[in-house]
Amino acid sequence: MIAAPESTPLDRAFFDRPVLKVAPDLLGRTLVRSTEEGPIALRLTEVEAYAGPADPGSHAYRGRTDRNAVMFGPPGHAYVYFTYGMWFCLNLVCGPEGDPSGVLLRGGDITVGADLARKRRPASRRLHDLAQGPARLATALGVDRAQNGADVCPADPATSPFTILTGTPPAPEAIRSGPRTGVGGGGAAHPWRFWIDGDPTVSPYRAHAPRRRR
DNA sequence: GTTAGGATGATCT
DNA sequence: GATCATCCTAACA
């Protein structure tokens, strides 16, 4: 039988490239999240690049720590971090090894397993906001600290919580870029956020606002 | 439709 | 002790 395009996993060479090439190339790809409860497939519609040790918006800006160690490792692995006391966010580490760069997955369209995602995100009112925003995406997919460092290009996909399939990339003219969301300290200076034009699962842009003290 | 403010804790200075 | 690669709800237009 002929394999559908969606069935081909992206290999490590895909991620072992500069992050600014990988990030837009991830749009339209399918992330498969496997759990005991069942699989969820997500078509990526919005991502952000965090580009190496000189990027002031990056967790790696001030060097390697226990928290960001995965970003310094080999490409094709998941970097999961906990933020705002409540949420997890999912990144994919890009190459080359030793260069701490990665792609934050900010939004996607759930194509398989929407019922399971709804169970994890009862606050979600519509299909398109199940994974609209990085913490929503991680919540819908059931991602937490346990997946930090997981291989997303495993030799045997059955052994990994993640696989990424070729999917159906959008036409190049449908790919938009702009400033990153929610990063301060000059980190929004570069147009390193990429999304699929007009897709309802793309999160609304919010400029970084310093939090007020109570 | 928009906006303001609170939740909540790991991480780093 | 301040800062977060955020989300949700309530209030208001």
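Keep in mind that the numbers below use all heavy atoms, side chains included, and drop hydrogens, waters and symmetry copies. Throughout, a chain's letter reflects where its sequence line sits, starting with A, and its residues are numbered from 1.
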Strictly by Watson-Crick or wobble contacts shorter than 3.5 Å, is anything paired with dA5(C), and which nucleotide is it?
none

Whole-Å gap separating P (dA10(B)) and CG (Asp144(A)):
14 Å

Check ion pair Glu48(A)-Arg180(A) (N to O, under 4.0 angstrom):
no

Rounded to whole angstroms, how far apart are CE on Met86(A) and C1' on dC8(C)?
9 Å

For Arg180(A), report the nucleic acid contact type (base, sugar-phosphate, nothing); a contact means any heavy atom under 4.0 Å.
nothing

Just how far, in rounded Å, is P of dT6(C) from CG of Leu104(A)?
7 Å

Quick check: Tyr50(A) with His59(A) (ring centres under 6.0 Å apart)?
no

Could you check how far OH of Tyr84(A) sits from P of dG9(B), rounded to whole Å?
16 Å

Checking Asp129(A) against Ser124(A): is there a side-chain donor and acceptor pair closer than 3.5 Å?
yes

Assess the side chains of Glu46(A) and Thr201(A): does a donor N or O sit below 3.5 Å from an acceptor N or O?
no

Using the closest heavy atom to pick a nucleotide of DNA chain B for each, name whichever of Arg145(A) or Trp87(A) lands nearer the 5' end.
Trp87(A)

Return the nearest nucleotide to the side chain of Tyr50(A); candidates are dT6(C), dC8(C), dA5(C).
dA5(C)

Rounded to whole Å, CH2 of Trp195(A) lies from C1' of dA5(C) at a distance of 16 Å

Separation of Arg121(A) atom CZ from dT6(C) atom P, in whole Å?
14 Å

Checking N1-N3 plus N6-O4 or O6-N4 for Watson-Crick, or N1-O2 and O6-N3 for wobble, each under 3.5 Å, the partner of dT8(B) is none

Between Asp199(A) and Arg176(A), does any NZ, NE, NH1 or NH2 come within less than 4.0 Å of an OD or OE carboxylate oxygen?
no

For atom CZ of Phe88(A) and atom C1' of dT8(B), their distance in whole Å
12 Å

Establish, for the pair Arg145(A) and Phe82(A), whether the NZ or CZ atom is under 6.0 angstrom from the six-membered ring centre and no further than 45 degrees off its axis.
yes

Looking at DNA chain B, which of residues 62-82 of chain A put a heavy atom within less than 4.0 Å of it?
Arg62(A), Thr65(A), Arg67(A), Phe82(A)

In terms of ring plane angle, is the pair Trp192(A) and His190(A) parallel, tilted or perpendicular, where the classes change at 30° and 60°?
parallel

Separation of Glu46(A) atom CD from dA5(C) atom P, in whole Å?
16 Å

